[in-house]
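Here the structure is laid out as structure tokens; the discussion comes afterwards.
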Amino acid sequence: MLHPGLRTLYQLRFRAAFRGLKRNVGSPKRIIMFAFGGLLVAMWAGSILFAGIVGDKQDVAWFEDAAPFFILLMLVLSITTAAGERAIYYSPSEIDFLFAAPISRRQLLAYKLIGTIFSTTFSALIFSVVVSRYVPAWGPAYLGLWLALAFIQLSTMAILLAGQSVAESAVTRIRKGILVGAASVAIVTVWLNAGKISAGSATEVIASLHQESLLRFIVWPVEPFVKVMYADPFWPGGVLWITVGLGINGALCLFIFWLDAEYRESAIAVSQRWYARIQSAKKTGVAPPTSTKAWGRSPKLPYWGGAGPIARRQLTTAMRNSRSLLTVTAVIAVGIAITLMNKERSEDQVWLMLYGITGWLTILLTMMIRFDFRSDLDQMEGLKSLPLPAYRIAVGQLIAPVFVCLILQVAIFTAGAAANGRPEVALAAALFVIPVNILLFGVENIVFLLFPSRVMGFNPGDFMSMGRQMLLMFLKFSVIGVAAIIAVIAGSITLFVLKDSTWAALAAAWIVLVAQALLVLPGMAWAFNRFDVSADLPAS
């Protein structure tokens with residue numbers, strides 16, 4: 001039975017959410033941005049749902065075999081990464097008021113569990129829209145994903161609390177053990193099935209791993225949730241599997257309450273760490289590392305007219321804050337290599353797919369890798385006082401994000417070269433993404449300097465922030481599109497003049513692309529000079 005005060009708190013939180021939504025549309029400018037963001041989100045979701053309803057369902061069988069592995073991967077990442085700590089995270093205000101209140105430890109745990117169920121409701125909605133093309137019907141897919149996400153959250157909480165009931169250090173050992181075990185299983189599976197992976201298609205490989213290998217026993221706990229997603233007809237099979245899924249999640253809830261672990265001291269420590277990360281992200285756009293140990297330092301760079309020390313500081317920050325990003329990218333690179341190691345597609349098709357994947361990831365990475373002016377918002381006064389020309393400061397700010405993004409792109413191209421050969425194609429692609437990175441990060445920084453804003457936490461329904469990001473993404477696509485057209489024209493002219501000299505055409509296109517990329521430096525310098533610390537600095 002939930003404490004009456006906690007029920008009242010939930011009511012107040014819902015009212016606060018709607019009040020915040022109303023505040024987001026409090027001016028004509030905000031209304032326009034909110035409407036634009038809402039329209040874009042509606043168009044995105046509607047287009048995916050429409051394609052899922054009337055489009056071809058040829059990938060349903062493939063995704064049914066792959067879904068258990070995706071759910072299991074999400075579970076491993078939830079347990080082993082810093083995001084898993086949020087399973088027992090309470091906000092500072094909740095700790096101040098609830099931990100000192102006459103409320104039992106189990107009632108506080110019930111309050112947290114209910115909040116977890118509510119949060120998975122919205123997350124499942126997003127995931128169900130994304131996978132609508134790969135499932136027979138949207139409704140069962142939503143229910144199955146909701147049960148699966150709740151299972152992930154409850155399993156993470158159960159493992160963390162079980163470790164704390166033994167010893168505080170046991171949590172770290174358990175998480176490391178799960179990570180090592182998952183990596184070992186993945187390596188052994190790939191090694192044992194290397195022949196199938198290289199000879200068969202991706203669909204055949206995933207089906208084989210799901211039905212014939214030892215992995216089918218490992219993914220068994222998450223199979224009921226996939227059965228719900230693919231229940232056709234829904235009665236009575238879907239209802240039966242929903243009952244099984246609810247039983248699994250209910251058993252996890254009972255296990256959590258049965259542990260009755262003393263988690264409050266650990267929750268306070270987790271709250272302090274996450275609150276510090278949130279505050280730092282709001283101020284600088286970069287969250288501090290989860291570990292208190294310094295993880296590397298950038299080597300000394302040449303002075304470069306003052307750009308070197310600025311670049312070294314940002315590179316050191318990147319090294320200490322990019323571990324999770326590098327890990328996720330390494331997983332993506334390995335996954336791409338495994339997917340493409342088959343004889344189903346030609347080499348040209350493989351590289352075309354890699355270019356498309358890298359392009360989308362690059363657009364997203366420009367928003368995630370913020371080791372530039374966006375992370376120096378509170379240091380703007382110091383940067384403005386440096387006895388350096390603005391363009392040198394701009395160069396120093398661009399080096400770190402361009403270099404970090406290049407490392408991630410090279411990892412993907414290397415995986416493609418390892419799977420399909422032709423390392424010269426990977427090298428050429430790596431050379432071309434350098435000016436593309438400069439263009440994208442340059443545009444991102446120019447817009448930020450002209451319209452500065454702090455990074456805020458995402459709230460469901462915050463369409464104003466979505467609208468701003470969509471406008472920025474449209475601008476970046478436009479810049480890249482214009483630059484690509486000009487570079488293609490230059491390459492085509494060279495190819496026509498020199499009579500089928502492909503490498504000369506590529507060199508001409510690259511030179512033109514580099515020249516266009518360098519044009520963003522004067523733009524960044526102008527925007528930096530225009531930035532007024534006394535008027536443009538947003539409130540904390």
Side-chain angles (χ1 to χ4, degrees), residues 2 49 52 57 59-80 83-84 86-88 109-162 178 182 185 206-207 209-211 214-259 460:
L2 192 64
L49 288 175
K57 297 282 188 177
D59 295 324
V60 169
W62 171 83
F63 193 79
E64 185 175 4
D65 288 322
F69 299 112
F70 288 142
I71 296 174
L72 202 63
L73 177 61
M74 292 174 63
L75 176 61
V76 172
L77 292 176
S78 176
I79 295 172
T80 57
R86 292 188 66 88
I88 54 172
L109 200 55
Y111 168 81
K112 184 63 180 177
L113 288 174
I114 294 174
T116 299
I117 299 301
F118 277 121
S119 66
T120 56
T121 301
F122 181 79
S123 301
L125 179 63
I126 300 297
F127 278 105
S128 65
V129 172
V130 173
V131 305
S132 59
R133 179 186 172 187
Y134 309 103
V135 293
W138 175 80
Y142 175 78
L143 293 175
L145 286 168
W146 179 76
L147 290 170
L149 293 175
F151 171 78
I152 292 172
Q153 294 291 330
L154 294 173
S155 299
T156 303
M157 185 180 295
I159 290 174
L160 293 180
L161 293 177
I178 292 175
V185 170
I206 292 175
L209 294 178
H210 184 207
Q211 299 170 7
L214 294 176
L215 287 179
R216 69 180 185 273
F217 298 106
I218 298 177
V219 301
W220 177 80
V222 301
E223 288 283 1
F225 312 121
V226 181
K227 297 292 186 183
V228 174
M229 297 170 60
Y230 287 87
D232 189 21
F234 189 71
W235 174 267
V239 176
L240 174 63
W241 287 114
I242 286 177
T243 305
V244 174
L246 290 174
I248 293 174
N249 289 341
L252 284 172
C253 290
L254 292 177
F255 176 71
I256 290 171
F257 283 111
W258 174 79
L259 284 173

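- The ring-ring contact (aromatic ring centres under 6.0 Å, His included) search around F127 returns none, not counting sequence neighbours.
- At a threshold of 4.5 Å between non-hydrogen side-chain atoms, the residues P140 and Y230 do not count as touching.
- Between the side chain of S155 and the backbone N or O of I152, no donor-acceptor pair lies under 3.5 Å.
- Atom CG of L145 sits about 12.0 Å away from atom OG1 of T121, to the nearest 0.5 Å.
- By the 4.5 Å heavy-atom criterion applied to side chains, Q153 and L113 are not counted as neighbours.
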Which pairs would a plain distance check flag for residues 242-257, meaning a side-chain donor or acceptor within less than 3.5 Å of a matching protein atom at least two apart in sequence or in another chain?
unit_1 : atom_1 : unit_2 : atom_2 : d
T243   : OG1    : V239   : O      : 2.9
N249   : ND2    : L147   : O      : 3.3

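- Counting all heavy atoms, side chain and backbone alike, A150 lies closest to I117 at CB-CD1, 4.2 Å.
- Between A124 and L149, the closest heavy-atom pair is N-CD1, 3.5 Å.
- Looking only at side-chain heavy atoms (C-beta outward), L240 and K227 stay at 4.5 Å or farther from each other.
- Shown here are the side-chain hydrogen bond (donor to acceptor under 3.5 Å, both in side chains) partners of Y142, two or more places apart in sequence or in another chain: there are none.
- We find the CZ-CG distance between F69 and L72 to be 8.5 Å, quoted to the nearest 0.5 Å.
- Side-chain atoms of F151 and L75, non-hydrogen and from C-beta on, do get closer than 4.5 Å to each other.
- The shortest heavy-atom contact between M229 and P136 is O-CD, 3.9 Å.
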